[in-house]
*Asks:* 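Submitted below is the structure of interest, expressed as structure tokens.
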Protein chains: 2
Amino acid sequence: MRDVEREFLLSFWKIHILHHAETRHVFGQWVIRELRRHGYEVSPGTLYPLLSRMEERGWLKLKVAPDTGPRARKEYSLTKRGKGVLTLLREQVEELHCEVVLGKENEL
Amino acid sequence: MRDVEREFLLSFWKIHILHHAETRHVFGQWVIRELRRHGYEVSPGTLYPLLSRMEERGWLKLKVAPDTGPRARKEYSLTKRGKGVLTLLREQVEELHCEVVLGKENEL
DNA sequence: GCCTCCTATTATGTAATCCGTAGTCGGATT
DNA sequence: AATCCGACTACGGATTACATAATAGGAGGC
């Protein structure tokens, strides 16, 4: 039943990532550790491309300490554009919650 | 900004589908119409395989009227297993809502 | 100086999913 | 019988997900 949720949870985690990037710097290993702490596993092959895509789309801004080699920690923070996306997502989560959890019938 | 949401919304719609399948019969065109009514477009090439996968996984039970040819409407309803998944998902949505929308810090 | 462990990201190949467009089929309408 | 409508199917390409293995610098120990 655990991998049942995977397909959905990945989306949720993405939202979490944006949420946290709003107030702190986020990087790959941190996310991996946080999720593990909560009993979930996400592999590098899933997570890093994901962060990278978020940067490409302009949701996250990358900052890496200079002169620290090719494997240096990459810290991401939310951009203005990412903030816009996050705001929309929050509205969507609110709606989803209302309809699916609280059962308010807004129709689909 | 609209396709921004697509990646996330598709997951939400899947949850909606399970939610509705709990209390009524759901079929492809109905979902497409409902989403369109709310301003979203999902193409057959996305939706039908999705419903099909949900059936494969045992979340939905297929019922098709007999002797109605290869293009007959396929109606799905929630299985017991699907109900279990939906329950888990509701909890997850609740958590997501608490943390990301209401800002209750449960960490990550 | 060298070995080892730890933190991090990168590389890579395969599988699964997503997507739009075009196609098919039966029934109702005209 | 010709057309339209409601529904699903087929298909090919693009994107995303995934696990595993590889790489690279830094800190300690000796």
Side-chain angles (χ1 to χ4, degrees), chain A residues 2-18 21 24-37 40-76 85, chain B residues 2-18 21 24-37 40-77:
Chain A
R2 259 293 133 95
D3 38 297
V4 155
E5 313 173 54
R6 193 51 179 266
E7 173 180 358
F8 299 94
L9 290 189
L10 188 57
S11 300
F12 289 9
W13 296 338
K14 289 181 194 175
I15 299 176
H16 266 117
I17 288 172
L18 292 174
R24 72 182 85 173
H25 288 191
V26 159
F27 60 98
Q29 286 301 315
W30 178 80
V31 175
I32 289 173
R33 277 199 304 268
E34 277 303 299
L35 287 175
R36 183 167 299 141
R37 203 159 68 75
Y40 303 108
E41 286 294 325
V42 63
S43 66
T46 300
L47 184 65
Y48 287 102
L50 189 163
L51 288 171
S52 185
R53 279 197 301 279
M54 286 186 171
E55 190 207 349
E56 276 171 29
R57 290 172 187 167
W59 304 350
L60 296 180
K61 186 176 55 183
L62 171 59
K63 187 179 166 202
V64 55
D67 309 331
T68 41
R71 254 75 181 180
R73 178 190 288 184
K74 290 184 164 180
E75 299 192 326
Y76 296 94
V85 172
Chain B
R2 259 293 133 95
D3 37 299
V4 156
E5 313 173 55
R6 194 50 180 268
E7 173 180 358
F8 299 93
L9 290 189
L10 187 57
S11 300
F12 289 7
W13 296 338
K14 289 180 193 176
I15 299 176
H16 266 118
I17 289 172
L18 292 174
R24 71 182 84 172
H25 287 192
V26 159
F27 61 97
Q29 287 300 316
W30 178 80
V31 175
I32 288 173
R33 278 200 304 268
E34 278 302 298
L35 287 175
R36 183 168 298 141
R37 203 159 67 75
Y40 303 108
E41 286 294 324
V42 63
S43 65
T46 299
L47 184 65
Y48 289 103
L50 188 161
L51 289 170
S52 186
R53 278 196 301 278
M54 286 186 172
E55 190 208 350
E56 277 172 28
R57 289 173 188 166
W59 305 350
L60 296 180
K61 187 176 55 184
L62 170 61
K63 188 179 166 201
V64 56
D67 310 330
T68 41
R71 256 74 181 180
R73 179 190 288 187
K74 290 183 166 182
E75 300 193 325
Y76 296 95
S77 57

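Naming convention: chains lettered A, B, ... in sequence-line order (proteins, then strands); numbering from 1 in each chain. Every value quoted in this text rests on a predicted model; they were computed, and no experiment measured them.
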*Asks:* If you compare every side-chain N and O of A:Y48 against the phosphate oxygens of C:dT10 (OP1, OP2), does one of them come in below 4.0 Å?
*Replies:*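 Indeed not, no polar side-chain atom of A:Y48 lies that close.
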*Asks:* In whole angstroms, how far is the C1' atom of C:dC19 from the CG atom of B:L10?
*Replies:*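 One finds 10 Å between C1' of C:dC19 and CG of B:L10, rounded.
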*Asks:* Can you check whether A:K74 has a side-chain N or O nearer than 4.0 Å to OP1 or OP2 of C:dT7?
*Replies:*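 No.
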*Asks:* Looking only at N and O atoms, is any donor in the side chain of B:R71 or the base of C:dC25 less than 3.5 Å from an acceptor on the other one?
*Replies:*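 Such a pair does not exist between side chain and base.
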*Asks:* Can you tell if the side chain of A:M54 reaches within under 4.5 Å of the side chain of A:L18, non-hydrogen atoms only?
*Replies:*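 Yes, their side chains come closer than 4.5 Å.
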*Asks:* Between D:dA19 atom C1' and A:L47 atom CG, what is the distance in whole Å?
*Replies:*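 About 14 Å, once rounded to whole Å.
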*Asks:* Strictly below 4.0 Å: does B:K14 bring a side-chain N or O up to OP1 or OP2 of C:dT17?
*Replies:*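 No.
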*Asks:* Starting at the 5' end of DNA chain D and moving along, which residue's nearest nucleotide shows up first, A:P70 or A:V42?
*Replies:*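 Between the two, 5'-proximity favours A:V42.
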*Asks:* What pair of heavy atoms forms the shortest contact from B:K74 to B:F27, and how long is it?
*Replies:*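 Reported closest heavy-atom pair: O-CB, 3.1 Å.
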*Asks:* Round to a whole Å and report the spacing from CZ of B:F27 to C1' of D:dT9.
*Replies:*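 After rounding, the reported distance stands at 17 Å.
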*Asks:* Heavy atoms only, 4.0 Å cut-off, all strands: where does B:G28 land among base, sugar-phosphate and nothing?
*Replies:*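 The answer is sugar-phosphate, as B:G28 gets under 4.0 Å only of primed atoms, P, OP1 or OP2.
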*Asks:* Once you round it to whole Å, what is the distance between P of D:dT20 and CD of A:E41?
*Replies:*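 After rounding, the reported distance stands at 11 Å.
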*Asks:* Hey, are the side chains of A:L10 and A:L50 touching, using non-hydrogen atoms and a 4.5 Å cut-off?
*Replies:*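 Of all side-chain heavy-atom pairs linking A:L50 with A:L10, at least one is under 4.5 Å.
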*Asks:* Round to a whole Å and report the spacing from CD1 of B:I32 to P of D:dC8.
*Replies:*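 It works out to 8 Å between those atoms.
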*Asks:* Under 4.5 Å between any side-chain heavy atoms of A:L47 and A:I17, yes or no?
*Replies:*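 Yes; the side chains approach each other to less than 4.5 Å.
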*Asks:* Is the base of D:dA17 touched by the side chain of A:T46 through a donor-acceptor pair closer than 3.5 angstrom?
*Replies:*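 Flag unset: no donor-acceptor pair detected.
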*Asks:* So what does B:P44 hit on the nucleic acid, given a heavy-atom distance under 4.0 Å: a base, only sugar-phosphate, or nothing?
*Replies:*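 Touches a base.
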*Asks:* Rounding to an integer number of Å, can you tell me how far A:W30 CH2 sits from C:dT9 C1'?
*Replies:*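 Atom-to-atom, A:W30 to C:dT9, this comes out as 18 Å.
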*Asks:* Does D:dT16 have OP1 or OP2 sitting under 4.0 Å from an N or O in the side chain of A:R6?
*Replies:*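 Checking D:dT16 against A:R6, no side-chain N or O comes under 4.0 Å of OP1 or OP2.
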*Asks:* Where does the angle between the aromatic ring planes of A:F12 and B:F12 fall among parallel (under 30°), tilted (30 to 60°) and perpendicular (over 60°)?
*Replies:*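 A:F12 vs B:F12 ring planes: perpendicular.
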*Asks:* Could you tell me how far apart B:F8 (CZ) and C:dT17 (C1') are, to the nearest whole angstrom?
*Replies:*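 Answer to the nearest Å: 16 Å.
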*Asks:* Students often get this wrong, so: under 4.0 angstrom with heavy atoms, is A:L50 touching a base, only sugar-phosphate, or nothing?
*Replies:*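 If one applies the 4.0 Å heavy-atom cut-off, A:L50 turns out to touch nothing in the nucleic acid.
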*Asks:* Looking only at the side chain of B:R73 (C-beta and beyond, no hydrogens), which of the listed nucleotides D:dA7, C:dT9, C:dT21 gets closest?
*Replies:*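 Nearest to the side chain of B:R73 among the choices is D:dA7.
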*Asks:* Taking all non-hydrogen atoms of both residues into account, name the closest pair between A:Y76 and A:A21 and its distance.
*Replies:*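 That would be O-CB, 4.4 Å.
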*Asks:* In this structure, how many angstroms lie between the P atom of D:dA14 and the CD atom of B:E7, rounded?
*Replies:*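 Answer to the nearest Å: 19 Å.
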*Asks:* Name the residue closer to the 5' end of DNA chain C, choosing between A:P49 and A:R33 according to the nucleotide with the nearest heavy atom.
*Replies:*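 The residue mapped nearer the 5' terminus is A:R33.
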*Asks:* Please pick, from D:dC8, C:dT9, C:dG20, the nucleotide with the shortest atom-to-atom distance to any side-chain atom of B:Q29.
*Replies:*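 Out of D:dC8, C:dT9, C:dG20, the nucleotide with an atom closest to B:Q29's side chain is D:dC8.
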